[in-house]
Each structure stands twice: as structure tokens, then as C-alpha cells.
Colleague: 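Below: one structure in C-alpha cells.
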Amino acid sequence: MNQNKLFQRTRLRLALWYALVMALILSLCGFGVYKAVSHAHWITLDREIESIAGTLHDSIELKLKQPGSLEPVIQELLPNICMVGNRCIEKHSPAKGHTLSPINQGYYYVRFFDNSGRLFAIAGSYPEGLSPVFKKEFWQTLKDKDGKFYHQISFVLHTQDNRDWGYMQVGRSLEDFLDYLDAVKLILALGLPMAMVIVGVASWWLAGLAMQPIYQSYRQIQQFTADAAHELRTPLAATGATVESVLMIPQLDETEVRDVLQTIQRQNQRLITLVADLLLLTRLDRQPIPMRHDLCCLDEIISDLVEEFAAIAIASHVNLTSSIQIHQPLNIIGNSEQLYRLISNLIINAIQYTPQGGKITVVLDRSDYYAVIQVEDTGIGIPQNELTRIFDRFYRVSSDRSRSTGGSGLGLAIAQAIVQAHHGKLNVQSELGKGSTFTILLPFDATPFEGVRSIYQLKWLSRRPRKFQ
């Protein structure tokens, strides 16, 4: 496949499509992961700020007496609180409350506004670059003059006698949060190309796997077409040469005309046989189940075929016999014509490849689930490295000998197709120079039609001995 440019280009396009689709999927997944992580952290951040701000609000509001005036006791909660306009020194001291510890550790800031919206006190980490203008939005995301982002929440404060005191804003810097999101984006940005490299290699490999059966089918069709064209060319060329030679002769007597016609008839018969074999293989490939189902008696088929080929075996000086290992007629459901063709192909093949004085035995036996047919010969045998190819169409173990016997190389391919159409198995054992044994296993219950099965069961029951009480 690597040497075929058509399949190379197809494989490359298929791999690119795989990689493109996977890149789109991974990009969408990466974007979804980033959005999910960002949303989850925003929710966590909001809850954290709201929890700390709510605790601080409840603690401070209980101590407020005059609007716009901070009570000294508030310094216990916020030790580094500073009035706007004074020179504030940021200091950190151990927090008395676990909930307020982030404010005293530099993560958070607190800003106090009076009822008119004027900023007059700050605590925690001093965000000097933030705008002092008060906005009443509950949640706000702000940016200072240095480009740093802050997220804050606003609350209304009341005095002990429920008068409006002012406003309190609790917020925190988003620097660590944005750094975390930047790290997530960096991981995704670096991970996506690395994943695409892996996906690209995997896509190329998967495309090769996907193209392999297609390429094998293409090679089989290509080889089949070349072999079929070669087989058809030989008789056509012989017929054409015969006709041309006849046309060059001014006059022909009756004997010469008869010889010419016999030559053309032989080549025509060879063409007819070859085309019929090809049509049979095509039909079997298209419809794997036998087209017509009969109750086939295998011992009768074998006896008829041995008797039919006896004359050919005698002419080839080969001893052809049958060995029926069962005492009852062995019947299966199948196509009788195809079964005749199956066994006859194996017998003809054995006769052609068995030297003079050799022996061919057709054995019929049965197992628990199969009818067993064996065609044993003492012929030339088949090399072990070619056993897996003898069922390929137009394949010959010995081309010169096969051509001399007129074979087309389709006999074993047809036999294999017929066995597969009957849901059976065809095996071969061979030893070079000692002979070959072809074994056919045909199942007893391989029929898709219950009506045919019922007929078979009725005939079988009619042969059973009846018991009288």
C-alpha cells in the first residue's frame, strides 16, 4: 500500500480529516474545561468574599452608634484601619478570628463610605490605585491604575438604633486568581499541540488500518482482473490465429475444415467454461446461502461421482475408489448441484495432480455436528508455503502442468466458495511428494428455511423404526 500513490493520498487525506476533527473536538473540550474551571473558581471566590464580608458586616454593625463615625472598638477587628487623609502605615498583626484572618494577611481590603458616598476609612491591603468614587452595585470588578484587577462586594451599614451609617466595601485582589487561570490556559495551550501530534500519528496509523481491507480488496480485484484478462486472452488469441490462418488458405478440403472447427470449438468451450466459473463465483459472493435447498444424500453423490470419473481415472492410470464409513444414508440440507460441483472439482484436481499408478480415495464419514468428506490422493503434494494461497482465484501451484491439463485456476476457489455458502469448512493437509488430503465439513443444521428443515425431519422420522406397545 505504501507504494501505491492513490492509496497514499487517500490515507493522507483520511488521516488529515481524522486530525482536523479531533483538533476541533479537543479545542472545544479545552475551551469547555477552561470555562468550567474559571466559572467554578469565580463561584468559590464570590462565596469566600461574601462569607468574610458578611461576618465582618455583622460584627461591625453591632458596634456602630453615630452615622459616619467609627467606634474605637472597631480597631480590635481591624487593627490596621486608617482614616483617609492620614499617613497610613500598613501593618499586619495576628488575627483574633479565623474568618477575618485573610483581611489581616494582605489578601483583602475594606473601605468605608459615609452616607454621601465619601471614602473616609480603609483597612487591610491598601488598594491605592482604586477609584475613591462610590458605586452602589452589589458586586463590582475594578481595575487600578497599574492594571491590576479587584473584585468587591458592597453592604449598607446601620447604627444600633437602625439609622443609616454608611457603606462598607470588602474586596480582594484577583492577581492570584488570574495567575491560576493563566497557568490553566498555558497548560491547555501547550497540551493541545502535543495532543495533536499524538492524534496525528494515531490518525495516520488508524487510516492505515482502515485502508488495509480496502487495499486488499483492491489488490484482489486488480489481480483478478489481470488474471481473468490473461485467461480470456489465451483462447481468444488461439481462435483468432486459427481464423487468420484459415483465411490465408485459398481452398480447404473437408478434413481441414473439420480440424479448424474442432480447434475453434475447443477454445470456445474453454471460454464458456471460464465465463461460467466466473459467474458462479460472482453469484456465490453475492449470495452466500445456497439458492435452492434440497435434501442431499451425500453417499449417493459420492458414489455417482466416483462412477462418473472412473473412465477419466483409468485413462490417467490412477486408481479412484470411495470409502463410505457410515451404514445409514447421510443427508444434509443444501444445493445438490453445488455439492456435485464441490466434490467433482476436488476429484478432478486430484486426478490432474496424481502421477500414473497413484491412488485417490473419497471418504465419507460423520461427526457429531458435521458430515465429513475427504479426498485423499498420493499425488505430487503442495509446498507448505503455498497452502494458504491455493484457494485464491487463478492461482496455480504448478502453472505449466496446470495449463497442460487445461485448468483455469478457479476449481479450488469455487470449492471454497461453495463450502462457505453451505456454512462449512474446507481444510487441506499436504506433504510435498507424498500427496494431499482435502477435508470438507458440512454442518447438519445450516439451513435458514424452517420449511426445508421440517421436510428433512419428516423424512428422517419416516426412516426410524416404530415401537409398538
Side-chain angles (χ1 to χ4, degrees), residues 277 280 284 296-326 329-332 334-367 370-384 386-393 395-398 401-402 405-443:
D277 289 345
L280 176 60
L284 290 172
C296 304
C297 184
L298 295 180
D299 44 342
E300 292 181 0
I301 293 176
I302 291 176
S303 298
D304 293 343
L305 286 173
V306 170
E307 182 179 352
E308 179 180 343
F309 287 104
I312 300 178
I314 292 173
S316 301
H317 304 284
V318 175
N319 182 23
L320 175 62
T321 60
S322 63
S323 175
I324 310 298
Q325 304 291 333
I326 54 177
L330 185 57
N331 300 291
I332 67 167
N335 188 297
S336 57
E337 293 181 0
Q338 292 181 6
L339 292 177
Y340 266 95
R341 182 66 182 274
L342 164 63
I343 302 173
S344 65
N345 279 5
L346 296 181
I347 294 176
I348 291 174
N349 192 67
I351 293 175
Q352 290 176 352
Y353 288 96
T354 300
Q356 295 183 4
K359 181 180 180 181
I360 301 172
T361 305
V362 183
V363 181
L364 176 62
D365 202 349
R366 65 169 295 163
S367 63
Y370 294 95
V372 182
I373 304 172
Q374 290 184 319
V375 179
E376 303 173 353
D377 65 65
T378 58
I380 61 176
I382 305 169
Q384 293 296 320
E386 298 189 11
L387 283 176
T388 58
R389 300 189 59 190
I390 60 174
F391 296 107
D392 294 345
R393 298 172 186 183
Y395 182 78
R396 300 180 181 87
V397 176
S398 176
R401 177 161 186 162
S402 181
T405 57
S408 62
L410 293 175
L412 291 180
I414 292 175
Q416 178 78 300
I418 293 174
V419 170
Q420 291 176 352
H422 285 77
H423 306 285
K425 301 176 184 178
L426 178 57
N427 304 318
V428 58
Q429 294 179 341
S430 182
E431 189 174 350
L432 195 61
K434 294 186 178 181
S436 305
T437 300
F438 287 84
T439 303
I440 304 170
L441 301 176
L442 298 175

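In what follows, every heavy atom counts, from backbone to side chain, and hydrogens, waters and symmetry copies are set aside. Residue numbers count from 1 along this sequence.
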Colleague: Test Ile440 against Val372 for side chain to side chain contact (heavy atoms under 4.5 Å, CB included), laying out the working first.
Modeller: CA-CA 6 Å; Ile440 304 170; Val372 182; over 6 Å; no

Colleague: What are the two closest non-hydrogen atoms of Cys296 and Gly334, and how far apart are they?
Modeller: SG-O, 3.4 Å

Colleague: For Gln416 and Leu426, which heavy atoms make the closest approach, and how far apart are they?
Modeller: OE1-CB, 3.5 Å

Colleague: To the closest 0.5 Å, what do you measure between OG (Ser316) and CD1 (Ile348)?
Modeller: 11.0 Å

Colleague: Can you give me the closest heavy-atom contact between Gly379 and Pro355, atom names plus distance?
Modeller: CA-CD, 3.7 Å

Colleague: Tell me whether Gln325 at atom CD has more than 12 heavy atoms from other residues, nucleotides or ligands lying less than 6.0 Å away.
Modeller: yes

Colleague: To check you understand the geometry: which heavy-atom pair defines the closest contact between His422 and Leu442, and what is its length?
Modeller: CB-CD2, 4.1 Å

Colleague: Using the rule side-chain contact (heavy atoms from CB on, under 4.5 Å), only one of Leu339, Leu346, Ile347, Leu320 pairs with Leu305; which is it?
Modeller: Ile347

Colleague: Starting at CZ of Arg341, measure out to CD1 of Ile418 and round the result to the nearest 0.5 Å.
Modeller: 6.5 Å

Colleague: Can you pull out every salt bridge (charged side-chain N to carboxylate O under 4.0 Å, His left out) where at least one residue sits in residues 412-432? Sequence neighbours excluded, please.
Modeller: Glu431-Lys434

Colleague: Once rounded to the nearest 0.5 Å, what's the spacing between atom CG of Leu342 and atom OG of Ser336?
Modeller: 12.5 Å

Colleague: Could you state the interatomic distance from OG1 (Thr378) to CD1 (Ile360), rounded to the nearest 0.5 Å?
Modeller: 7.5 Å

Colleague: Quick one: which residue pairs count as a salt bridge (charged side-chain N to carboxylate O under 4.0 Å, His left out) with a foot in residues 299-312, not counting sequence neighbours?
Modeller: none

Colleague: Could you tell me whether the side chain of Ile326 reaches within less than 4.5 Å of the side chain of Asp365, counting heavy atoms only?
Modeller: yes

Colleague: Indicate the atoms forming the closest heavy-atom contact of Leu364 with Leu330, along with that distance.
Modeller: CD1-CD2, 3.7 Å

Colleague: Heavy-atom distance under 4.5 Å between the side chains of Ile390 and Phe438, does that happen here?
Modeller: yes

Colleague: Give a yes or no answer on whether the side chain of Asp377 reaches the backbone of Gly435 with a donor-acceptor pair at less than 3.5 Å.
Modeller: no

Colleague: So, taking the atom named OG in Ser344 and the one named CD1 in Ile302, what distance separates them when rounded to the nearest 0.5 Å?
Modeller: 12.0 Å

Colleague: In the structure I gave you, are the side-chain heavy atoms of Thr439 and Gln429 within less than 4.5 Å of one another anywhere?
Modeller: no

Colleague: When you compare the side chain of Thr321 with that of Ser323, does any pair of heavy atoms fall below 4.5 Å?
Modeller: no

Colleague: Does Gln384 use its side chain to pair, donor to acceptor, with the backbone of Ser430 at less than 3.5 Å?
Modeller: yes

Colleague: Once you round to the nearest 0.5 Å, how far does CG of Leu441 lie from CD of Gln374?
Modeller: 8.5 Å

Colleague: For Ala371 versus Ile332, what's the shortest heavy-atom pair and its separation?
Modeller: CB-CG2, 4.1 Å

Colleague: How about Thr437 and Val375: do any of their side-chain heavy atoms sit closer than 4.5 Å?
Modeller: no

